[in-house]
Amino acid sequence: MSNIEYNVKSERAEEFIHDGEIRATLEYAREHRNDRALIEEILAKAEEGKGISHREAAVLIEVEDKDLEERMYDIARRLKQRIYGNRIVMFAPLYLSNYCINGCTYCPYHAKNRTIPRRKLTQEEIRREVIALQDMGHKRLALETGEHPTKNPIEYVLESIDTIYSIHHKNGAIRRVNVNIAATTAENYTLLKDAGIGTYILFEETYDRATYERLHPTGPKSDWAYHTEAMDRAMLGGIDDVGVGALFGLTNYRYDVVGILMHAEHLEARFGVGPHTISVPRIRPASDIDTKDFPDAVTDEVFRRIVAVLRLAVPYTGMIVSTRESRRSRELVLDVGISQLSGGSKTSVGGYAEGVEDAEESAQFDISDNRTLDEIVGWLLELGYVPSFCTACYREGRTGDRFMSLAKRGLIGNCCAPNALMTLAEYLEDYASPNVKLMGKKMIAEQAQIIPSEKVRRITEENLKAIIEGKRDFRF
Ligand code: SF4
Ligand code: SF4
């Protein structure tokens with residue numbers, strides 16, 4: 001028996017992501033999977049929108065009864081509607097460099113892969129990428145780099161962020177840069193904060209330490225505890241919006257669902273604010289990576305259940321799916337919990353602009369949803385969603401606990417809906433195809449009428465007119 005005890009507030013990864021607690025939780029869930037009274041009690045609690053614990057979520061993951069399963073989806077759908085309405089926030093990844101010294105066995109950027117061209121964007125190439133992204137209509141980026149102390153040092157990342165924020169092509173602007181770089185020191189997180197990043201994103205990959213250590217045999221990332229404690233250092237360094245996630249398919253998904261929720265509970269207990277977002281990538285084929293090597297890959301049905309259970313557990317945490325997912329599987333999860341989507345993405349270094357050598361071959365994973373941003377915007381409108389390019393909270397200083405306390409009091413709805421309409425209107429004026437513009441205008445006209453506050457509705461309508469006249473960047 002190990003003498004390490006579960007402690008949600010601990011600074012030590014092995015205490016807040018406590019293997020014994022996760023295993024006991026999974027056993028408890030198996031034992032109670034047909035306990036109708038308990039499941040109904042958990043569903044009733046979830047419906048209140050105040051979240052459920054990792055143990056309760058683990059029970060829902062196991063539910064076998066079809067009727068209870070449907071109720072679970074129904075509650076997830078209604079909760080999502082209540083908190084997020086029909087808005088979906090759009091973003092795109094921007095890969096800066098695929099040099100990496102780590103040995104992650106599921107990622108083609110691993111150091112020993114000699115079949116992939118290595119690329120690192122110069123500041124001039126970043127400029128071209130950002131102009132291409134702005135010309136698509138993007139306002140929000142997620143920066144991605146491999147880990148390399150000399151090729152991609154923190155100075156390179158900081159300089160790149162500066163470059164990105166400085167570019168204003170036509171009416172374009174990147175208004176929020178989220179950053180997904182390797183676990184680093186609290187001092188470096190402070191530098192990122194000072195550079196004006198939005199969310200710091202780092203996926204745990206898998207919370208199961210033994211699997212983690214097997215899949216990360218070499219490089220600094222092989223240190224599970226250092227990696228798992230990264231969000232604590234980020235918060236100590238002053239970043240209050242952090243994005244967690246697991247790469248589903250590396251181990252049994254149940255373990256990682258519980259791990260994600262224990263991580264969220266830990267951040268909430270220690271810092272008073274849980275993660276801003278949770279990403280739910282699934283393992284995908286790529287250069288040098290065969291998914292047959294990953295027998296725990298999750299099916300679409302399980303994937304949908306994971307999203308719904310996370311939505312019930314942490315109602316106010318944004319949930320993200322990328323273009324790793326196909327149109328069909330994105331549709332499956334949109335209504336039960338997803339609030340952010342990437343669109344028109346390239347997962348290669350230099351994939352957006354013309355003329356970067358070997359760009360296509362340098363991809364991190366194969367994309368399933370290859371549609372352009374305009375096609376995705378049109379598709380979302382057809383499904384009844386409002387694609388939003390909003391970045392208002394971060395720019396108004398509504399981050400961390402300030403964001404969460406507003407969100408929990410339901411006040412975000414007063415900002416999100418009009419902001420979504422105004423940023424969509426900008427998109428329609430500047431970038432949309434004629435058909436998407438038509439659909440979008442119809443949606444805006446309908447949605448503007450149902451803004452609850454008369455004052456907000458009036459200001460929104462004035463701003464929408466001003467956007468047609470060429471003014472930009474309104475926000476609540
Ligand atoms: Fe490097 Fe990240 Fe890929 Fe691992 S997952 S090899 S750290 S780029
Ligand atoms: Fe997100 Fe804030 Fe914009 Fe709402 S108002 S969509 S929470 S950035």
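Note that ligands are numbered from 1 as they come in the structure, with each ligand's atoms numbered from 1 the same way.
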Regarding Arg282 and Glu325, does a basic nitrogen lie under 4.0 Å from an acidic carboxylate oxygen? yes

Mode of Lys221 contact toward ligand 1 - side chain, backbone, both, neither (heavy atoms, under 4.0 Å): side chain

Under 3.5 Å, side chain of Glu129 to main-chain N/O of Ile126, donor-acceptor pair present? no

For Asp135 and His169, which I'm curious about, is there any donor-acceptor pair between the side chains at under 3.5 Å? yes

For ligand 1, which atoms have a heavy atom of His110 less than 4.0 angstrom away? 6 (S)

With distance as the sole criterion, is a donor-acceptor pair present between the side chains of Glu205 and Tyr212 under 3.5 Å? no

Would you mind running through ligand 1 and noting each atom that sits below 4.0 Å from a heavy atom of Cys100? 1 (Fe), 6 (S), 7 (S), 8 (S)

Enumerated ligand 2 atoms positioned under 4.0 Å from heavy atoms of Cys393: 2 (Fe), 5 (S), 7 (S), 8 (S)

Ligand 1 atoms nearer than 4.0 angstrom to some heavy atom of Gly146 are 8 (S)

Are Tyr200 and Tyr189 linked by a side-chain donor-acceptor pair shorter than 3.5 Å? yes

Can an N, O or S atom be found in Cys107 less than 2.8 Å away from atom 3 (Fe) of ligand 1? yes

For atom 3 (Fe) of ligand 2, which candidate among Ser388, Ala392, Ala420, Cys390 provides the closest heavy atom? Cys390

